[in-house]
Trainee: 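What follows is a single structure, and I will ask about it in a moment.
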Amino acid sequence: GEFIMINKNDLISIIVKPTNACNLRCKHCYHAGTGYDNEQMSDKMLEKLISSSVPHFSGIHYIWHGGEPLSMPLTFYKRALELEQKYKHNPNQNIKNSMQSNGTYVTEVVAKFIADNNILIGFSFEGPYNDFLRSHTNMTLKGYENLKKYNIIPGTIAVVGKHNINNLIDVYEYFRNKNQPLKLNTIFASGSAKENEDILLTDPEYYAGTGAPSPQLPDFQGCCHNQ
């Protein structure tokens, strides 16, 4: 629907899922319950989204999500950028675009597009445990390399579960050695994770320290900021 009364001094972040499609089937994917159909956001819906938001806010952050957002062709994002310019209510309006990707589709062409259009990108990647949870590790590593050619270091989200809770130092060292910004999220029992109890932290009290000491990590602050 249309926004009725909006103060143009307001800022807003909008998470957009243009497709459910994804080329991976991760063991912990929360999206598995929804499915991975190949339906794509139409141009009509895209324009409705942008025309209903850009004119009404002083600053907008579109977060392109999925599925895998780069399952969509680059022409979709080119169109989104065009529409953002079309509906700007002043030349200095702050419009930001970012996406959370598994990195496997980040070819050099995609990396150049991201760099040319100042799109922020983050990777979902598990470091030394990526083959166990996600697969296609070499394709994601190539994605990092392609972005590095354009001086882009994507932030990375990795997950904490039973598979790595006692080896988080290894995860930390992996990303520190690559000078790679990192955020850790806990796996929760949703989607595929419900069928993979070997990765769920099923005894929170144990990991909180009542049954055993909680794993201690060095301070992440030094390695976890985009450069």
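One-based numbering along the sequence shown. As a basis for the values below, the full set of heavy atoms in this structure was taken, side chains included, without hydrogen atoms, waters or symmetry mates.
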Trainee: Identify the two heavy atoms, one from Pro55 and one from His89, that lie closest to each other, and give their separation to 0.1 Å.
Mentor: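 Looking at all heavy atoms of both residues, the shortest contact is O-CD2, 3.3 Å.
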Trainee: Could you pull out the closest heavy-atom pair between Thr19 and Asp37, with the gap in Å?
Mentor: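 Distance-wise, the nearest heavy atoms are OG1-O, 4.1 Å.
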Trainee: Do Tyr30 and Phe132 belong to the same hydrophobic cluster, where Ile, Leu, Val, Met, Phe, Trp and Tyr are linked whenever their side-chain heavy atoms lie under 4.5 Å apart, directly or via other members?
Mentor: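 Tyr30 and Phe132: separate clusters.
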Trainee: Backbone N or O of Asn92 within a donor-acceptor pair of the Asn90 side chain at under 3.5 Å?
Mentor: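 Present.
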Trainee: A side-chain contact here means heavy atoms from C-beta on lying under 4.5 Å apart; do Gln40 and Phe76 qualify?
Mentor: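 Answer no - side chains too far apart.
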Trainee: Taking atom CZ of Arg25 and atom NE2 of His31, what is their separation to the nearest 0.5 Å?
Mentor: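 If we round to the nearest 0.5 Å, Arg25:CZ and His31:NE2 are 10.5 Å apart.
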Trainee: Search all heavy atoms of Val54 against all heavy atoms of Ile60 and return the closest pair with its distance.
Mentor: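 Scanning both residues completely, I find the closest heavy atoms to be CA-CD1, 3.2 Å.
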Trainee: Quick one: are Ser135 and Leu24 in side-chain contact, heavy atoms under 4.5 Å?
Mentor: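 Yes, close enough: below the 4.5 Å cut-off.
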Trainee: Where do His28 and Ile199 come nearest, in terms of heavy atoms and distance?
Mentor: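 In terms of heavy atoms, the two residues are closest at CB-CD1, 3.6 Å.
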Trainee: Measuring from Leu200:CG to Ile165:CD1, what's the distance to the nearest 0.5 Å?
Mentor: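 It is 12.5 Å, given to the nearest 0.5 Å.
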Trainee: Run the salt-bridge test on Glu145 and Lys148 with the 4.0 Å N-O cut-off and return the result as yes or no.
Mentor: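 A salt bridge is absent here (no side-chain N lies under 4.0 Å from a carboxylate O).
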Trainee: Mind running side chain to side chain contact (heavy atoms under 4.5 Å, CB included) on Ile12 and His61 for me, showing each step along the way?
Mentor: CA-CA 6 Å; Ile12 190 172; His61 179 192; over 6 Å; no
Trainee: Is the count of non-hydrogen atoms from other residues, nucleotides or ligands lying under 6.0 Å from Lys88 atom NZ greater than 12?
Mentor: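 Count over threshold, so yes.
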Trainee: Just verifying a value: how many Å separate Ile114 CD1 and Tyr77 OH, rounded to the nearest 0.5 Å?
Mentor: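 Between Ile114 CD1 and Tyr77 OH, I get 9.5 Å after rounding to 0.5 Å.
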Trainee: A side-chain contact here means heavy atoms from C-beta on lying under 4.5 Å apart; do Asn23 and Tyr105 qualify?
Mentor: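 Yes. Closest side-chain heavy atoms under 4.5 Å.
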Trainee: Taking the side chain as every heavy atom from C-beta outward, state whether Asp116 and Tyr150 have any pair of such atoms under 4.5 Å apart.
Mentor: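 Asp116 vs Tyr150: side chains apart.
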Trainee: Under the 3.5 angstrom rule, does the side chain of Thr140 hit a backbone N or O of Gly103 as a donor-acceptor pair?
Mentor: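 Here the side-chain-to-backbone pair does not exist.
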Trainee: With a 6.0 Å cut-off on the ring centroids, do Phe123 and Tyr144 count as close?
Mentor: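 They qualify: ring centres under 6.0 Å apart.
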Trainee: CG/Leu141 to NE2/His136 distance, rounded to the nearest 0.5 angstrom?
Mentor: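 So the gap between those two atoms works out to 13.0 Å.
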Trainee: Apply side chain to side chain contact (heavy atoms under 4.5 Å, CB included) to residues Asp198 and His163 and explain how you reach the verdict.
Mentor: CA-CA 7 Å; Asp198 57 322; His163 64 290; over 6 Å; no
Trainee: Does atom NZ (Lys112) have a neighbourhood of more than 12 heavy atoms from anything else shown, all under 6.0 Å?
Mentor: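 No, NZ of Lys112 has 12 or fewer neighbouring heavy atoms, counting only those of other groups under 6.0 Å.
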Trainee: With side chains defined as the heavy atoms from C-beta onward, is the minimum distance between Glu39 and Asn20 less than 4.5 Å?
Mentor: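 Glu39 vs Asn20: side chains apart.
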Trainee: When you compare the side chain of Ile14 with that of Leu49, does any pair of heavy atoms fall below 4.5 Å?
Mentor: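 Leu49 reaches Ile14 side chain to side chain.
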Trainee: Tell me which one of Glu47, Gln93, Glu82 satisfies side chain to side chain donor-acceptor pair (under 3.5 Å) with Tyr87.
Mentor: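 Looking at Glu47, Gln93, Glu82, the match for Tyr87 under the side chain to side chain donor-acceptor pair (under 3.5 Å) is Glu47.
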Trainee: Is it the case that one hydrophobic cluster holds both Leu46 and Val16, taking links as side-chain heavy atoms less than 4.5 Å apart, direct or via other members?
Mentor: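 Yes, it is one cluster - the side chains of Leu46 and Val16 are joined through contacts under 4.5 Å.
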Trainee: If I compare all heavy atoms of Ala80 with all of Ile50, which pair ends up nearest, and what's the gap?
Mentor: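 Smallest interatomic distance, heavy atoms only, reads O-CD1, 3.6 Å.
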Trainee: For Glu173 and Asp170: C-alpha separation, side-chain torsions, deciding distance, then whether side chain to side chain contact (heavy atoms under 4.5 Å, CB included) applies.
Mentor: CA-CA 5 Å; Glu173 292 290 349; Asp170 295 341; 5.8 Å; no
Trainee: Under 3.5 Å, which donor-acceptor pairs do the side chains of residues 184-193 form with other protein atoms, sequence neighbours left out?
Mentor:
none

Trainee: State the CE-CG distance between Met139 and Asn130, to the nearest 0.5 angstrom.
Mentor: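 The CE atom of Met139 sits 11.5 Å away from the CG atom of Asn130.
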Trainee: Taking all non-hydrogen atoms of both residues into account, name the closest pair between Ser124 and Gln100 and its distance.
Mentor: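 That would be OG-NE2, 3.0 Å.
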Trainee: Cationic tip of Lys178 within the cone over Tyr174's six-membered ring, i.e. under 6.0 Å and within 45° of the normal?
Mentor: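 Flagged: Lys178 positioned over aromatic ring of Tyr174.
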Trainee: State whether Glu195 and Lys27 are salt-bridged, where the test is any N-O pair (Lys NZ or Arg NE/NH1/NH2 against Asp/Glu carboxylate O) under 4.0 Å.
Mentor: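 Judged by the 4.0 Å cut-off on N to carboxylate O distance, Glu195 and Lys27 do not form a salt bridge.
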Trainee: Any heavy-atom pair between the side chains of Ser58 and Asn94 that's under 4.5 Å?
Mentor: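 Contact flag for Asn94/Ser58 side chains = no.
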Trainee: Under 4.5 Å between side-chain heavy atoms, hopping through other hydrophobics if needed: is there a path connecting Phe113 to Leu83?
Mentor: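 Yes; Leu83 is reachable from Phe113 via cluster members.
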Trainee: Would a distance-only check, ignoring hydrogens and angles, find a side-chain to backbone donor-acceptor pair under 3.5 Å from Asn164 to Val159?
Mentor: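 It does hold such a pair.
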Trainee: Applying a strict under-4.5 Å side-chain criterion to I, L, V, M, F, W and Y, I'd like to know whether Leu74 and Leu147 cluster together.
Mentor: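 Result: yes, single cluster for both.
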Trainee: Please determine whether a side-chain nitrogen of the Lys or Arg among Glu197 and Lys162 lies less than 4.0 Å from a carboxylate oxygen of the Asp or Glu.
Mentor: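 Answer for the salt bridge query: no.
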Trainee: Please determine whether residues Ile152 and Val109 belong to a single hydrophobic cluster, defined as Ile, Leu, Val, Met, Phe, Trp and Tyr linked transitively by side-chain heavy-atom distances below 4.5 Å.
Mentor: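 Yes, same cluster.
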Trainee: Just list the side-chain donor-acceptor pairs under 3.5 Å for residues 62-69, sequence neighbours left out, or say none.
Mentor:
from: Tyr62; atom 1: OH; to: Ser53; atom 2: OG; distance (Å): 2.5
from: Trp64; atom 1: NE1; to: Asn97; atom 2: OD1; distance (Å): 3.0
from: Glu68; atom 1: OE1; to: Ser101; atom 2: OG; distance (Å): 3.4
from: Glu68; atom 1: OE1; to: Asn102; atom 2: N; distance (Å): 2.8
from: Glu68; atom 1: OE1; to: Asn102; atom 2: ND2; distance (Å): 3.3
from: Glu68; atom 1: OE2; to: Leu70; atom 2: N; distance (Å): 3.0
from: Glu68; atom 1: OE2; to: Ser101; atom 2: OG; distance (Å): 2.9

Trainee: Cation-pi between Arg134 and Phe125: NZ/CZ under 6.0 Å from ring centre and within 45° of the ring axis?
Mentor: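 That pair does not qualify as a cation-pi contact.
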Trainee: Once you round to the nearest 0.5 Å, how far does NZ of Lys142 lie from OG1 of Thr104?
Mentor: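 Between Lys142 NZ and Thr104 OG1, I get 14.0 Å after rounding to 0.5 Å.
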